[in-house]
Amino acid sequence: QVQLVESGGGLVQAGGSLRLSCAASGRTFSSYAMGWFRQAPGKERDFVATISGSGSSTYYADSVKGRFTISRVNAKNTVYLHMNSLKPEDTAVYYCAAANTYYTRTGPNEYAYWGQGTQVTVSS
């Protein structure tokens, strides 16, 4: 079992920045990949970014590439999502998730554990 708790969401103006955090507990953190997904009202949950267990490999959705950065500190059992140049279309509930594999994954069904989500709202 893995427990995940996100924090860091909030309201920000377009062009601003936020950093989301996700604290994990329950298993050896470095043994599994982590991901961030987001879900806007009335839409499906979309992939945002993923990072391998060691942190050496990352992958991003095209919509956030160059603006968002995923990172992890295994000693702190924490994964981060640094979001810059935020746009109103980035508004969503953001979820962190833990995969059952060490390697990066992009599909929601490849993740076994999910946090409760944190709201990010970007005003124009």
Side-chain angles (χ1 to χ4, degrees):
Q1 277 292 79
V2 176
Q3 293 78 43
L4 303 171
V5 179
E6 302 102 332
S7 61
L11 174 64
V12 63
Q13 287 189 331
S17 300
L18 280 175
R19 186 185 77 166
L20 305 184
S21 301
C22 175
S25 61
R27 272 173 50 190
T28 304
F29 185 63
S30 59
S31 67
Y32 49 89
M34 295 293 294
W36 286 96
F37 291 78
R38 65 187 182 186
Q39 188 167 19
K43 295 189 177 181
E44 294 184 349
R45 189 169 296 189
D46 291 332
F47 166 76
V48 174
T50 180
I51 187 166
S52 62
S54 69
S56 62
S57 178
T58 59
Y59 187 77
Y60 298 90
D62 287 343
S63 59
V64 306
K65 203 172 294 183
R67 299 188 298 123
F68 290 11
T69 302
I70 189 171
S71 63
R72 65 192 296 163
V73 178
N74 286 345
K76 294 185 177 181
N77 286 4
T78 302
V79 64
Y80 303 97
L81 186 68
H82 306 258
M83 305 185 294
N84 297 319
S85 302
L86 282 161
K87 305 175 181 180
E89 51 263 43
D90 294 318
T91 295
V93 177
Y94 283 71
Y95 298 90
C96 74
N100 270 329
T101 176
Y102 177 87
Y103 301 102
T104 57
R105 289 290 182 266
T106 62
N109 58 355
E110 298 176 290
Y111 287 79
Y113 305 100
W114 293 83
Q116 81 288 351
T118 186
Q119 177 70 47
V120 172
T121 302
V122 184
S123 63
S124 57

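- Nearest heavy-atom pair, Ser71 versus Ile51, reported as atom, atom and distance to 0.1 Å: CA-CD1, 3.7 Å.
- Linking Ile, Leu, Val, Met, Phe, Trp and Tyr residues whenever their side-chain heavy atoms come within less than 4.5 Å leaves Ile70 and Phe47 in two separate clusters.
- Distance alone, capped at 3.5 Å, places no donor-acceptor pair between the Ser56 side chain and the Ser54 backbone.
- Counting all heavy atoms, side chain and backbone alike, Leu11 lies closest to Ser123 at CD1-CB, 4.3 Å.
- No more than 12 heavy atoms of other residues, nucleotides or ligands sit less than 6.0 Å from atom OH of Tyr103.
- Every residue two or more places apart in sequence or in another chain that forms a side-chain contact (heavy atoms from CB on, under 4.5 Å) with Gln1 is listed here: Gln3, Tyr113.
- The shortest non-hydrogen separation linking Pro88 to Ala14 is CD-CB, 4.1 Å.
- Val48 and Leu20 fall within the same hydrophobic cluster, defined by Ile, Leu, Val, Met, Phe, Trp and Tyr side-chain heavy atoms under 4.5 Å apart, directly or through other members.
- Using a 4.5 Å cut-off between side-chain heavy atoms of Ile, Leu, Val, Met, Phe, Trp and Tyr, with links allowed through other members, Tyr59 and Phe37 fall into the same hydrophobic cluster.
- Linking ILVMFWY residues whenever their side-chain heavy atoms come closer than 4.5 Å, directly or via other members, places Trp36 and Leu4 in the same cluster.
- Between Leu86 and Phe68 the shortest side-chain heavy-atom distance falls below 4.5 Å.
- Considering only heavy atoms from C-beta on, Arg38 stays 4.5 Å or farther from Val120 through its side chain.
- Within the 4.5 Å cutoff, the side chain of Gln119 has heavy atoms near those of the Thr91 side chain.
- Looking at heavy atoms from C-beta onward, Val12 lies out of side-chain contact with Met83 at the 4.5 angstrom threshold.
- Of the possible polar contacts, one joining the Thr50 side chain to the Met34 backbone as a donor-acceptor pair under 3.5 Å is found.
- To the nearest 0.5 Å, atoms OG1 (Thr121) and CG (Asp90) are separated by 11.0 Å.
- Looking at residues two or more places apart in sequence or on another chain, you find no ring pair (Phe, Tyr, Trp, His ring centres under 6.0 Å) involving Tyr95.
- The ring pair (Phe, Tyr, Trp, His ring centres under 6.0 Å) check on Tyr32 picks up Phe29, with sequence neighbours excluded.
- With sequence neighbours excluded, the residues satisfying side-chain contact (heavy atoms from CB on, under 4.5 Å) with Ala112 are Asn100.
- Judged purely by distance below 3.5 Å, without hydrogens or angles, the side chains of Thr69 and Tyr80 never pair a donor atom with an acceptor atom.
- The backbone N or O of Gly55 sits nowhere less than 3.5 Å from a side-chain atom of Arg72 that would complete a donor-acceptor pair.
- Pairs passing the disulfide (SG to SG under 2.5 Å) check and including a residue from residues 56-92, sequence neighbours excluded, do not occur.
- Crowding of Gln13 atom CD: a count of heavy atoms from other residues, nucleotides or ligands under 6.0 Å not exceeding 12.
- The minimum heavy-atom distance between Leu81 and Ala49, with the atom names listed, is CD1-CB, 4.3 Å.
- Nearest approach of Val2 to Ala98, heavy atoms of both residues: CG1-CB, 4.2 Å.
- Following chains of ILVMFWY side-chain contacts shorter than 4.5 Å, one cannot reach Trp114 starting from Val79, and the two form parts of different hydrophobic clusters.
- Judged as a side-chain contact (heavy atoms from CB on, under 4.5 Å), and not counting sequence neighbours, the contacts of Lys65 are Tyr60, Asp62.
- Formation of a donor-acceptor pair under 3.5 Å by the Glu6 side chain with backbone atoms of Cys22 is not found in this model.
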